[in-house]
Amino acid sequence: MSAPTSRQETAVTGLGLVSPAGLGVPGNWERVLSGAPTAATDPELAGLPVDISCRAAAYRADEHFAPGQAWKLDRVSQLALVAAREAVADAGLDPATWDGARVGVVLGTSMGGMGTLEAEHRRTLEEGPAWISPLVWVMAPVNMIAAYLAIELGARGPNLVTATACASGPTAIGTARQLLASGACDVVIAGGADAPVTPMTMAGLAQMGALSRRVDDPAAASRPFDTARDGMVVAEAAGVVVLERLEDARARRARVRARVLGYGASADAHHPSAPHPEGEGAERALRAALADAGVGPGEVDHVNAHGSSTPLNDVTEARVLRRVLGERAAVTSTKGVTGHALGAAGAIETVYTVLALEDGLVPPTANLESLDHRIEIDVVAKEARKAPLEVAVSNSFGFGGQNGVLVLGRG
């Protein structure tokens, strides 16, 4: 299904990023355009079957939070706050002067405060229940990533978290767009954050066979669409956008970085972890997003694919793109650089899609050495490709068969 078509356009006026590719939007974009992977051996995962990850290595809590503040926040909330601060500043908005009752927050996440939950569970078992932190239930729950943004920014409008696995980011942005169209908000801070690189999360994903086992060569492990791909590399990240009605943004002479033209969502209703073999749910979401945008398949210039580097997903997604869009669109998966940030993946990829439209540059798919022969689309590899870009699609598909697709246009 998709949102009711209103043709009321939504402007993206601010961008914020914290990811393995860098701290802040400029550094992220430079690293993604370079195609340099970020996966590395992770000392905190020592002894696990898979000990590689993509960490936001440039992020340092003490550089962004006052002494005594960061330890009260799970890492996922820290990442979300830092990305949101950048996005709001980029939009030229001042929380001290806006009408907070007209500002909403919608963030997506898959795991929430998993690091806090694991640490406090371990403490309970090892030291006893008297030693568990009294803050655990204001640190770990998924709703707190949005709550802390509201507290810091004085955003007193609708405040919620979407949890549709790896589609959580586009679900949040699509929901935010609906809040603007309904008149419930004038500004919405939207996106996604996840900090899932924890021992239990990684052990579980390894057990189910979702992770790359290329532990002897971490930089080459995340390789979307490549013949030799064998699974994903998990990442931590936050991506945030500021959304406003296009007419409101223009009225205040804001920089319109892109427009959200359409959103589509669907469920495979097929399997807990595997995609539908024919990609039926993904196709429904893509077609719904195009219809919502009033965009024909032949008008799509670029696709930031879900491209998770897993054997099943990449082939299924490529077949959907071929059926719906043909061969015209230039396709990339930025997960070759960043790894897979689960509930934050679609949010950071939305930001990369906005930047691609702005600069007319399609990032390369890192580590793509030999395209799987079953993948019959135009996948950009080796180096960034200069191209005139007017309309782009960002795909996100998650466990449970939950799908979210955004259609974006140049600002």
Side-chain angles (χ1 to χ4, degrees), residues 19-21 32 37-39 50 52-54 108 110-111 164-171 192 194 196-197 201-202 204-206 208-214 218 220-237 239 268 270-277 279 281-282 285-286 303-321 331-350 352-353 363-368 371-372 374-375 377 379-381 393-405:
S19 90
V32 166
T38 61
V50 175
I52 60 176
S53 72
C54 293
S110 179
M111 308 299 291
T164 52
C166 306
S168 296
T171 304
D194 243 340
V197 187
T201 302
M202 298 296 287
L205 288 169
M208 71 185 301
L211 302 182
S212 171
R213 297 287 178 141
R214 198 183 289 259
S222 183
R223 43 194 320 111
F225 302 120
D226 191 84
T227 302
R229 69 191 183 281
D230 70 330
M232 65 182 177
V233 179
V234 176
E236 59 181 6
D268 287 357
H270 167 69
H271 189 274
S273 58
H276 188 282
L286 175 55
V303 177
N304 191 307
H306 184 63
S308 61
S309 185
T310 54
L312 290 178
N313 174 84
D314 289 8
V315 171
T316 301
E317 182 178 15
R319 287 172 174 166
V320 168
L321 292 174
V331 180
T332 192
S333 171
T334 47
K335 289 183 177 72
V337 172
T338 66
H340 192 341
L342 304 188
I348 67 172
E349 288 155 16
T350 297
Y352 296 146
T353 305
T365 304
N367 291 320
L368 179 51
L371 187 67
D372 188 317
R374 297 167 294 177
I375 293 172
I377 52 176
V379 183
V380 177
V393 163
S394 182
N395 283 342
S396 296
F397 313 127
F399 281 175
Q402 293 174 297
N403 310 301
V405 177

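- No side-chain heavy atom of Cys54 sits under 4.5 Å from any side-chain heavy atom of Glu236.
- What you find for Tyr352 and Thr334 is that their closest heavy atoms are CD1-OG1, 3.6 Å.
- Checking Thr338 against Ser19 by side-chain atom types alone, no donor-acceptor pair falls below 3.5 Å.
- Between Asp194 atom CG and Ser168 atom OG the span is 7.0 Å, to the nearest 0.5 Å.
- Interatomic distance, Met232 CE to Ser309 OG, rounded to the nearest 0.5 Å: 10.0 Å.
- With rounding to the nearest 0.5 angstrom, the NZ atom of Lys335 is 7.5 Å from the SG atom of Cys166.
- The two residues Asn313 and His306 have their closest heavy-atom pair at OD1-CD2, 3.4 Å.
- Closest heavy-atom contact between Pro364 and Ala381: CB-C, 4.0 Å.
- Annotation for Ala274 and Leu312: closest pair CB-CD1, 4.3 Å, computed over non-hydrogen atoms.
- Taken to the nearest 0.5 Å, the CG atom of Leu342 stands 8.0 Å off from the OG1 atom of Thr201.
- Between the side chain of Thr365 and the main chain of Val380, a donor-acceptor pair closer than 3.5 Å is present.
- Taking 4.5 Å as the limit, every side-chain heavy atom of Ile52 sits out of range of all side-chain heavy atoms of Leu211.
- Leu205 contributes atom CG, which lies 12.5 Å from atom OG of Ser212 (distance to the nearest 0.5 angstrom).
- A pairwise comparison of heavy atoms in Ala237 and Ala344 identifies O-CB, 3.3 Å as the closest pair.
- Scanning both residues, Ser222 and Gly339, for their nearest heavy atoms gives OG-CA, 4.4 Å.
- Residue Asn403 forms a side chain to side chain donor-acceptor pair (under 3.5 Å) with just one option from Thr171, Asp268, Asn395, and that option is Asp268.
- Separation of atoms CG (Asp226) and OG (Ser333) is listed at 11.5 Å; rounding is to 0.5 Å.
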Working for side-chain contact (heavy atoms from CB on, under 4.5 Å), residues Leu321 and Val303: CA-CA 9 Å; Leu321 292 174; Val303 177; 4.1 Å; yes
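- Side-chain contact check for Glu317 versus Ile377: every heavy-atom pair is 4.5 Å or farther apart.
- Between the side chain of Thr332 and the main chain of Pro363, a donor-acceptor pair closer than 3.5 Å is present.
- A donor-acceptor pair is defined here as one N or O able to donate and one able to accept, closer than 3.5 Å; no such pair exists between the side chain of Arg229 and the backbone of Ser308.
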